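A short worksheet on the structure shown next.
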Amino acid sequence: MSAADAFYITTPIYYVNDKPHIGHAYTTISCDVIARFMRLDGKRVMFLTGTDEHGQKVAKSAESKGIDPQAFTDDVSERFRELTKLLNISNDDFIRTTEPRHRDACQALWKTLVDKGEIYLGSYAGWYSVRDEAFYQESELVGGKAPTGAEVEWVEEPSYFFRLSAWADRLLAHYERNPEAIQPASRRNEVLSFIRGGLHDLSVSRTTFSWGVPVPGDPAHVMYVWIDALTNYLTAIGYPDTTDDRFKVFWPTVHHTVGKDIVRFHAVYWPAFLMAAGLTPPRRVFAHGWWTIEGEKMSKSIGNTIDPHDLVSTYGLDQTRYFLMREVPFGNDGDFSRQAMIGRINNDLANDFGNLVQRVLSMVQKNCGGKVPSPGVDASLLAQEPLIADAHGLVERVRPLIVAQSYHKALEEIWATVGAANRYIDREAPWTLRKTDPDAMARVLYILMETIRHLALVVQPFLPTSAARVLDFLGVAADDRDFKAVGTAHALLPGRDIAQPQPIFPRIDTSAPAPGAG
Ligand code: MSP
């Protein structure tokens with residue numbers, strides 16, 4: 001299989017200084033949606049997530065708990081792995097930066113950069129923020145703090161440097177040639193103006209602590225945590241073995257999804273490291289926005305951090321996935337509010353989609369003996385029915401939106417068809433036809449069932465469990481659920497038994513306790 005049929009998607013690897021929250025769940029779910037979509041669409045997919053375990057921030061967290069850093073990272077990393085299970089994430093690998101395969105990849109990349117004359121020994125004197133794991137220029141500080149508000153400390157130590165200053169023009173040329181490589185456009189502009197402002201050589205090693213990957217040939221130094229962290233994307237596909245099939249197939253297709261706070265690392269440092277090592281820069285870096293909680297910044301000190309476990313147990317998993325993907329245009333900041341969440345569940349999921357399925361399948365149970373009714377017309381005539389034509393075109397319309405990571409628009413598009421189906425059922429009123437024209441009733445119900453089949457197929461990446469239940473109700477075989485099943489060739493067979501439907505999205509009682517309460 002060639003790179004044209006492949007797709008590589010990554011989440012950031014999460015720092016293990018803290019337990020998972022809604023922000024982590026958000027990125028990971030968004031990547032899961034595109035990974036699932038691409039698989040259903042016939043692509044060979046590599047979906048990577050994992051944990052970022054080295055560096056001063058993690059070392060300090062372990063120290064403050066009086067635990068050895070390896071034992072500490074073993075424990076917290078497991079919580080992130082467990083998060084992928086909780087959220088029904090279909091990742092193909094879970095990488096930890098403390099694994100031997102990763103140390104080998106980092107050291108190989110380092111040696112390549114040294115061999116190419118891109119790394120030299122010097123000494124660093126400047127500001128460092130442990131919270132951001134970032135170096136800052138004096139001119140960037142705001143009121144003595146990092147622009148992010150994090151504390152900074154003065155650091156003076158011997159350090160290896162990467163010749164970042166030499167890469168500005170080539171980075172600009174790369175982004176000129178590949179305008180799609182940073183998204184959304186607001187982030188692209190931010191990156192371009194940062195590069196145009198001039199780049200300084202980057203300190204890429206530290207000597208004042210040892211929790212990191214040792215620099216080859218100079219073990220007094222550990223690698224700067226970001227060069228270590230970014231390399232995870234290469235490790236997981238077999239680097240340094242560039243003849244590895246995974247490396248050849250997936251690397252040219254890599255799409256990094258990150259939060260807006262870590263764009264500079266992914267869109268400036270990372271492509272420069274890669275080009276300097278003779279590797280291609282990422283195909284795309286997409287930076288999403290940040291969630292606030294009921295209008296407030298999420299923070300441990302305010303105590304408003306949302307644990308994904310609470311969301312899932314209060315609202316349900318697919319409901320949580322739906323809300324996060326539907327509520328906010330991907331790339332914008334958004335607010336999580338309980339009211340908005342309940343509104344989405346009760347309106348979009350329970351009333352619009354859930355009810356449609358329930359009404360249609362209950363009518364089939366009651367009036368068609370629990371079997372797929374006969375449409376009474378042949379497939380080509382049926383395909384001309386506007387609602388069926390709409391359903392057949394769904395995947396084609398949704399695909400470019402998913403490719404653009406416009407998840408909210410993809411859901412809007414799907415729900416436009418849900419709306420069309422609801423209007424159709426009201427207009428055709430099959431409950432009336434039952435007495436006046438049973439054949440017409442059968443045709444209307446068949447058209448609705450086929451529409452529901454297509455809705456369930458296309459919504460699988462967002463709502464994997466609920467879509468599977470709908471397809472189960474319809475009796476669609478497990479191997480007939482990818483996008484090849486779109487269209488008349490795989491249509492429901494009249495006479496086949498269908499299951500008794502159960503409500504898929506119960507309405508949420510607005511007086512139910514808030515997540516985490518009690
Ligand atoms: N370890 C680095 C990433 C290295 S990737 C080579 C890191 N880790 S992190 O755990 O601090 O953050 C991971 C992601 O969570 C970031 O993309 C960040 O933007 C995201 N979020 C953290 N808080 C968030 C919100 N409140 N809302 C949305 N995403 C947020 O950075």
Side-chain angles (χ1 to χ4, degrees), residues 9-31 48-59 61 73 76-77 79-80 83 94-98 102 105-106 109 129-134 146 148-150 187 211-213 223-236 254-271 273-274 282 285-302 304-308 311 323-325 327-337 405 407:
I9 181 85
T10 69
T11 74
I13 46 171
Y14 303 112
Y15 284 130
V16 289
N17 63 313
D18 202 0
K19 54 181 205 230
H21 58 61
I22 186 175
H24 307 120
Y26 183 50
T27 324
T28 304
I29 290 170
S30 77
C31 293
L48 179 68
T49 187
T51 42
D52 188 354
E53 308 192 2
H54 287 134
Q56 220 171 349
K57 171 149 92 173
V58 171
S61 292
T73 56
V76 187
S77 175
R79 298 197 209 180
F80 280 92
L83 181 75
F94 185 98
I95 190 163
R96 300 184 54 190
T97 55
T98 48
H102 181 64
C106 288
L109 181 66
S129 157
V130 175
R131 196 181 84 189
D132 299 346
E133 294 281 23
T148 57
R187 299 292 158 213
W211 184 240
V213 177
M223 291 182 199
Y224 171 39
V225 66
W226 270 100
I227 193 168
D228 162 346
L230 289 160
T231 305
N232 91 85
Y233 303 132
L234 295 174
T235 308
V254 71
H255 286 58
H256 299 309
T257 303
V258 302
K260 64 179 183 180
D261 53 318
I262 55 175
V263 174
R264 186 185 296 186
F265 304 96
H266 283 84
V268 180
Y269 302 167
W270 184 224
F273 295 154
L274 289 164
V285 174
F286 195 114
H288 65 67
W290 271 44
W291 287 90
T292 51
I293 309 299
E294 307 282 352
E296 279 196 276
K297 191 169 183 245
M298 185 165 69
S299 91
K300 271 197 281 189
S301 51
I302 303 177
N304 62 350
T305 312
I306 294 200
D307 181 337
L311 282 182
F323 176 80
L324 293 176
M325 293 298 100
E327 186 66 5
V328 177
F330 205 59
N332 292 11
D333 289 337
D335 186 50
F336 176 88
S337 82
Q405 293 178 271
Y407 303 106

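Just follow the structure's listing: the first ligand is 1, and inside any ligand the first atom is 1. These numbers were taken from a predicted model, which means no experiment stands behind them.
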Can you check which of Asp261, Ile293, Thr51 brings a heavy atom nearest to atom 19 (O) of ligand 1? Asp261

Going by the order shown, which atoms of ligand 1 are within less than 4.0 Å of some heavy atom of Asp52? 1 (N), 2 (C), 4 (C)

Closer than 4.0 angstrom, basic N to acidic O: yes or no for Lys57 and Glu133? no

Here the atoms of ligand 1 under 4.0 Å from any heavy atom belonging to Gly259 are 17 (O), 19 (O)

Close aromatic pair by centroid cut-off 6.0 Å: His266 and Tyr233: yes

Considering only heavy atoms of Tyr233, which atoms of ligand 1 have at least one such atom less than 4.0 Å away? 5 (S), 6 (C)

What orientation do His24 and Tyr14 show, parallel under 30°, tilted 30 to 60°, or perpendicular over 60°? perpendicular

Flag Tyr15 as yes when one of its N or O atoms lies below 3.5 Å from any N or O atom of ligand 1, and as no otherwise. yes

Under the criterion side-chain contact (heavy atoms from CB on, under 4.5 Å), which of Val225, Ile95, Thr73, Val16 is the partner of Asp52? Val225

Which atoms of ligand 1 sit under 4.0 Å from any heavy atom of Pro12? 3 (C), 5 (S), 17 (O)

Close approach, His266 and ligand 1, non-hydrogen under 4.0 angstrom: yes

Close approach, Lys297 and ligand 1, non-hydrogen under 4.0 angstrom: no

Could you find the nearest protein heavy atom to atom 27 (N) of ligand 1 and give me its residue, atom name and distance? Trp291 N, 2.9 Å

Is atom 13 (C) of ligand 1 touching the protein, meaning some protein heavy atom lies under 4.0 Å away? yes

When the ring planes of Tyr269 and Phe273 are compared, do they come out parallel, tilted or perpendicular, using 30° and 60° as the limits? tilted

Please determine, by modelled atom types, if His288 and Thr257 share a side-chain donor-acceptor pair under 3.5 angstrom. no

Go through ligand 1 atom by atom and flag the ones less than 4.0 Å from a non-hydrogen atom of Met298. 26 (N)

Run the numbers for me: atoms of ligand 1, each under 4.0 Å from some heavy atom of Ala229, listed by number. 6 (C)

Atoms of ligand 1 close to His288 [distance to a heavy atom under 4.0 angstrom, numbered from 1]: 28 (C), 29 (N)

Out of His54, His21, His24, the nearest non-hydrogen contact to atom 22 (C) of ligand 1 is supplied by His21

Check: Trp290 N/O within less than 3.5 Å of ligand 1 N/O: yes

For ligand 1, is there an atom lying under 4.0 Å from some heavy atom of Phe265? no

Verify the ring-centre separation between Trp291 and Tyr26: is it less than 6.0 angstrom? yes

Tell me the protein heavy atom at minimum distance from atom 3 (C) of ligand 1, and give that distance in Å. Ile13 O, 3.2 Å

For the rings on Phe94 and Phe80, is their centre-to-centre separation under 6.0 Å? no

For Tyr14, the atoms of ligand 1 under 4.0 Å from one of its heavy atoms are 10 (O), 13 (C), 14 (C)

Would you check if Asn232 and Thr10 make a side-chain contact, meaning some heavy-atom pair closer than 4.5 Å? no

Ignoring hydrogens and angles, tell me if any N or O in the side chain of Asn17 forms a donor-acceptor pair with the backbone of Val58 under 3.5 Å. no

I'd like to check Ile9 versus Gln405 (side-chain heavy atoms, cut-off strictly below 4.5 Å). Are they in contact? yes

